[in-house]
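What follows is one structure encoded as structure tokens, with my remarks underneath.
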Number of protein chains: 2
Amino acid sequence: MSSSNPGRTILASTIAKKYVQEVQDDVSKLGRSPKLVGFLANTDPAAQMYADWTGKTAESLGFTYELRVVNKEELEEAIINANEDDKVDGIMVYFPVFGDRQDQYLQQVVSLEKDVEGLNHKYIQNMYHNVRFLDSEEHQKSILPCTPLAIVKILEYLGVYNTLLAYGNRLYGKQIVVVNRSEIVGRPLAALLANDGATVYSVDITGIQKFTRGEGLKLSRHKVEDVDLTLEQVSQNADVIVTGVPSATYKFPNEFVKDGAVVVNFSSEKNFNANVKEKASLYVPMIGKVTIAMLLRNLLRLVNNKTSEV
Amino acid sequence: MSSSNPGRTILASTIAKKYVQEVQDDVSKLGRSPKLVGFLANTDPAAQMYADWTGKTAESLGFTYELRVVNKEELEEAIINANEDDKVDGIMVYFPVFGDRQDQYLQQVVSLEKDVEGLNHKYIQNMYHNVRFLDSEEHQKSILPCTPLAIVKILEYLGVYNTLLAYGNRLYGKQIVVVNRSEIVGRPLAALLANDGATVYSVDITGIQKFTRGEGLKLSRHKVEDVDLTLEQVSQNADVIVTGVPSATYKFPNEFVKDGAVVVNFSSEKNFNANVKEKASLYVPMIGKVTIAMLLRNLLRLVNNKTSEV
């Protein structure tokens, strides 16, 4: 560590370790090998790599993993078959397939009971409203979308969450910039962080929105406002910057990073410049291994929900 | 009618007449006034006009209509309140609000039991798979998305459907071009037409897809293939051209219209040139009034489903 470059890189594998162990212990307690089926219907090398990693990790921890490579036109029927197959415990789809709204349609075809990614409308709506269980008896846990959940766990590991504060306030006073407002990562993440007390600036090409925990609302949920601020303005006081821009050329401007900020990139492309650690204190360049740990954790919850059905 | 301009314009009001009458009769038989709530959270003049029309038509036929103008940030909570209000029979939202995926999220917040637009994932998935009821006893009808349904009814009126053929084959041999592949109109419409036997070319900026009724599939549903054809190639033999491009400047090229083709525009903008009737035999410039009739017809089905619950 030199004075000109004080920042540290923290690898996802380091952060994932605790969750990987937890998942492995839970599988061995379960006494059977839950089966995860992944559907690959695109030729994106990043998706193929992620599928390989998922398979290797899953198998090494005692799960059964099966990758089904299908034509995109056959994907819907293939998902329905897996929904109906009692031997399949969890299903995930490597997106994008068609892109945009048709993918959102396909994601909803995965049955609630097998959706390890936590992208079913019911799970997402529960997340936005801080509803943590599916049933009023609170036996069946609602699933959180796995990438946003992974980022929350990463921020916990990095000490961004203040454990001296009560749950729900542990990000109180923190300012966070999230560059991505997709329905599967950016927007749910902004909501999760706002629900924990942070002020979150959610950035995409259409503008910047500010997410805070609303007050006095009947529904316990975050509040969103459009703000007329620039990326530079919202970044200069940001304690945390999270990026997820799916572009090889996009780089978050180094000069907007506050000295000592925590920076996390969840894109499969490198969204930060190589010298970001001249400013950032902690830098997480990739998060895939934590996401996979969350995916398997979600799978165990689904298995548990099935046995908790009333 | 001159020989240089043989085509006729058919107004939506003419086509709607039969359905309007049917809906009015059914409301009077019902003996109470079903309540429809519309949510307007944008400043789009086309949405405001459509809301006014819906209100006027609904009230004139014996329904109760209430337009709730809300801030887009309050829309989700407002929908949830209407879901929980026993006095509300049906709910519709005037989109776009946020645009894109977040609107798709909001649409799913509307409860299945009150979704007059037929855009709930369950209804759309049923439509794609030709599933016509919600329950195995076949008491509760699945709702069809109202704009695609309106276009089907228009094509029936115009004689495109051959009533001498069996249901499911009534578009056999017909070639149809649909310029729009949105998840709420273009794609469901292509599927509905393909399910009735047509060959449908679905056109959007990403390319052209061919929808046909698949054969030998376990699921009774349409088949989709990407095709390497131009708009001119797919149009030159098209019996029907349906457009829905939300742009004031887009015009479907007149020279691509086959002599005698039937052309229907469902965009709030005029997608055909004024002289389209030099080629087309029948031209439906707008469809709103038929769509509203279908919306109210769907509302009556929802009311009926509620009383048919087992």
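To find a chain, count down the sequence lines: A is the first, B the second, and so on, and within it residues start at 1. Keep in mind that this is a model prediction, so the values were computed, not measured.
Smallest separation of non-hydrogen atoms from A:E73 and B:V224: CG-O, 3.0 Å.
Taken from CD in B:Q125 to CD1 in A:I80, the straight-line distance is 5.0 Å, to the nearest 0.5 Å. Residue A:F98 holds its CZ atom at 9.0 Å from CZ of B:R181, rounded to the nearest 0.5 Å. The OH atom of A:Y105 sits 15.0 Å away from atom CD1 of B:I184, with the distance rounded to the nearest 0.5 Å.
Shown here are the side chain to side chain contact (heavy atoms under 4.5 Å, CB included) partners of B:K141, two or more places apart in sequence or in another chain: B:F133, B:R301, B:N305.
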Steps toward side-chain contact (heavy atoms from CB on, under 4.5 Å) verdict (A:N71, B:E225): CA-CA 11 Å; A:N71 183 293; B:E225 308 156 78; over 6 Å; no
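For OH of B:Y250, the number of neighbouring non-hydrogen atoms (other residues, nucleotides, ligands) closer than 6.0 Å is greater than 12.
Scanning residues 115-124 of chain A against chain B with a 4.5 Å non-hydrogen threshold yields A:H121, A:I124, sorted by number.
A:Q104 pairs in a side-chain contact (heavy atoms from CB on, under 4.5 Å) with only one of the listed residues (B:Q108, B:Q104, B:E183), which is B:Q104.
Contact of B:D103 with chain A is made through backbone and side chain together, with heavy-atom distances under 4.5 Å. Only the side chain of A:Q209 comes within less than 4.5 Å of a heavy atom of chain B; its backbone N, CA, C and O stay farther away.
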